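Some notes on the structure that comes next.
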Amino acid sequence: MKKYIILELIPTASTKEKGDIIQLSALKLEDLNLLDRFDYRLVDEKIPLTELKEMISYDKENFIYKNETEEILEEFKKWSEDLPLLILNNSYTLDYLKELNNKKEDISDYVKIPFSDDIIDKIIEKYNLQPSNYIVDLLYEALIYESNN
């Protein structure tokens, strides 16, 4: 794979019709070289649950904030061009990204760990990674480790 994107999406609900994207982080890569980073969040006032606000309370200055999920998706659509997306193949990520025409592939195929609710814990354990608030960075590290084996 030449150029592609790995991403992490954190929603307020399991479907776009019922919720919003509160954070979308993505890395644009060529082979395993980082080309660009996309870090967007929904403004705090639009996040209904305190637990969700607390979950994304880290590194506030590193994100661009938008008022609506549609604004985040529009920016991501421009940024991602038509590059393939490596995603955690859960139902909510597919639902929130369904309007994007980009090819979507399950990243679990690349890290050789079947998708499950605890896949991040399994990735951390398999590759002996340090836990991180940035799931997308852990996925990137796992790809690097996997390519070296």
Side-chain angles (χ1 to χ4, degrees), residues 1-49 51-113 115 117 119-120 122-124 127 129-148:
M1 191 177 302
K2 267 298 204 199
K3 281 187 176 180
Y4 58 100
I5 292 169
I6 53 177
L7 69 90
E8 149 195 21
L9 185 149
I10 302 173
T12 60
S14 59
T15 65
K16 189 176 172 205
E17 288 71 33
K18 295 179 182 175
D20 286 300
I21 293 173
I22 60 171
Q23 181 174 307
L24 197 158
S25 291
L27 304 176
K28 189 180 287 183
L29 304 169
E30 184 164 3
D31 295 319
L32 290 172
N33 299 311
L34 179 62
L35 301 175
D36 199 7
R37 183 173 193 108
F38 183 96
D39 289 302
Y40 279 67
R41 283 187 179 152
L42 195 64
V43 294
D44 272 358
E45 303 79 59
K46 301 282 183 154
I47 301 173
L49 299 172
E51 303 85 50
L52 291 174
K53 287 180 191 178
E54 289 171 0
M55 186 172 82
I56 63 163
S57 64
Y58 59 90
D59 296 345
K60 289 182 175 270
E61 66 283 354
N62 293 338
F63 288 82
I64 296 172
Y65 291 85
K66 295 294 180 179
N67 291 310
E68 303 290 333
T69 289
E70 289 307 319
E71 292 177 87
I72 294 172
L73 286 173
E74 192 57 42
E75 292 295 324
F76 183 71
K77 186 176 183 178
K78 288 186 271 185
W79 182 84
S80 66
E81 306 165 67
D82 62 350
L83 296 174
L85 307 176
L86 294 186
I87 63 169
L88 290 169
N89 197 16
N90 52 46
S91 60
Y92 66 80
T93 296
L94 289 170
D95 186 72
Y96 281 87
L97 300 177
K98 67 184 170 194
E99 293 173 14
L100 294 178
N101 293 326
N102 305 56
K103 181 180 178 185
K104 297 163 190 83
E105 295 183 58
D106 187 349
I107 197 165
S108 66
D109 295 339
Y110 291 86
V111 296
K112 298 179 176 80
I113 298 174
F115 179 79
D117 289 341
I119 189 170
I120 300 306
K122 289 178 180 178
I123 287 172
I124 288 170
Y127 300 106
L129 303 176
Q130 293 299 312
S132 171
N133 289 323
Y134 294 93
I135 303 294
V136 73
D137 291 346
L138 293 171
L139 297 173
Y140 181 36
E141 287 183 68
L143 289 175
I144 292 169
Y145 276 104
E146 196 58 48
S147 75
N148 292 330

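Everything quoted here is computed from the prediction, not taken from an experiment.
Atoms CD1 and CG, on Ile144 and Leu139 in that order, are 11.5 Å from each other to the nearest 0.5 Å. One finds the CD1 atom of Ile47 at 12.0 Å from the CD1 atom of Ile21 (value rounded to the nearest 0.5 Å). One finds the CD1 atom of Ile135 at 8.5 Å from the CD1 atom of Ile123 (value rounded to the nearest 0.5 Å). Interatomic distance, Ile107 CD1 to Ile119 CD1, rounded to the nearest 0.5 Å: 8.0 Å. Taking CD1 of Ile6 as the reference point, atom CG of Leu34 lies at 8.5 Å (rounded to 0.5 Å). Note that CG of Leu24 and CG of Leu73 are 7.0 Å apart. Values are rounded to the nearest 0.5 Å.
Contacts classified as salt bridge (Lys or Arg N to Asp or Glu O under 4.0 Å) and involving residues 4-17 (residues at least two apart or in different chains) are given here: Lys16-Glu70, Lys16-Glu99, Glu17-Lys98. Note on residues 14-44: pairs passing ring pair (Phe, Tyr, Trp, His ring centres under 6.0 Å), not counting sequence neighbours, are Phe38-Tyr40, Phe38-Phe76, Phe38-Trp79.
Side chain of Thr12 to backbone of Gly19: no donor-acceptor contact under 3.5 angstrom is found. A donor-acceptor pair under 3.5 Å is absent between the side-chain atoms of Tyr4 and the main chain of Glu30, judged by distance alone. The backbone N or O of Asn33 lies less than 3.5 Å from no partner atom in the side chain of Asp31, so there is not a single donor-acceptor pair.
Taking a 6.0 Å sphere around NZ of Lys60, one finds it holds more than 12 heavy atoms contributed by other residues, nucleotides or ligands. Atom CG of Asn148 is surrounded by more than 12 heavy atoms from other residues, nucleotides or ligands within 6.0 Å.
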Take Lys46 and Lys66 through the test side-chain contact (heavy atoms from CB on, under 4.5 Å) and record every step on the way to the result.
CA-CA 10 Å; Lys46 301 282 183 154; Lys66 295 294 180 179; over 6 Å; no

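Shown here are the ring pair (Phe, Tyr, Trp, His ring centres under 6.0 Å) partners of Phe115, two or more places apart in sequence or in another chain: there are none. Under the rule for a side chain to side chain donor-acceptor pair (under 3.5 Å), the partners of Asp39 that lie at least two apart in sequence or sit in another chain are Ser25, Arg37. Residues that satisfy the salt bridge (Lys or Arg N to Asp or Glu O under 4.0 Å) test with Lys104, not counting sequence neighbours, are absent from this structure. The side chain to side chain donor-acceptor pair (under 3.5 Å) test applied to Lys53 returns no partner, not counting sequence neighbours. Looking at residues two or more places apart in sequence or on another chain, you find no side chain to side chain donor-acceptor pair (under 3.5 Å) involving Glu71. With sequence neighbours excluded, no residue satisfies side-chain contact (heavy atoms from CB on, under 4.5 Å) with Ser14. Remark: Tyr145 engages no residue in a side chain to side chain donor-acceptor pair (under 3.5 Å) (not counting sequence neighbours). Every residue was checked against the salt bridge (Lys or Arg N to Asp or Glu O under 4.0 Å) condition with Asp109, not counting sequence neighbours, and none meets it. Under the rule for a salt bridge (Lys or Arg N to Asp or Glu O under 4.0 Å), the partners of Glu75 that lie at least two apart in sequence or sit in another chain are Lys78.
Of all heavy-atom pairs between Ile56 and Ile22, the closest is CD1-O, 3.8 Å. Closest heavy-atom contact between Tyr65 and Val43: CB-CG1, 3.9 Å. In terms of heavy atoms, Leu129 sits closest to Ala142 at CD1-N, 4.4 Å. The heavy-atom pair separating Ala26 from Ile5 by the smallest distance is CB-CG2, 3.8 Å. Of all heavy-atom pairs spanning Leu32 and Ser147, the tightest one is CD1-OG, 2.9 Å.
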Distance-only donor-acceptor hits, side chain of residues 81-90, under 3.5 Å, sequence neighbours excluded:
unit_1: Glu81; atom_1: OE2; unit_2: Lys28; atom_2: NZ; d: 2.9
unit_1: Asn90; atom_1: OD1; unit_2: Thr93; atom_2: N; d: 2.8
unit_1: Asn90; atom_1: OD1; unit_2: Thr93; atom_2: OG1; d: 2.7
unit_1: Asn90; atom_1: ND2; unit_2: Tyr92; atom_2: OH; d: 3.4

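You'll find the ring centres of Tyr134 and Tyr140 outside the 6.0 Å limit.
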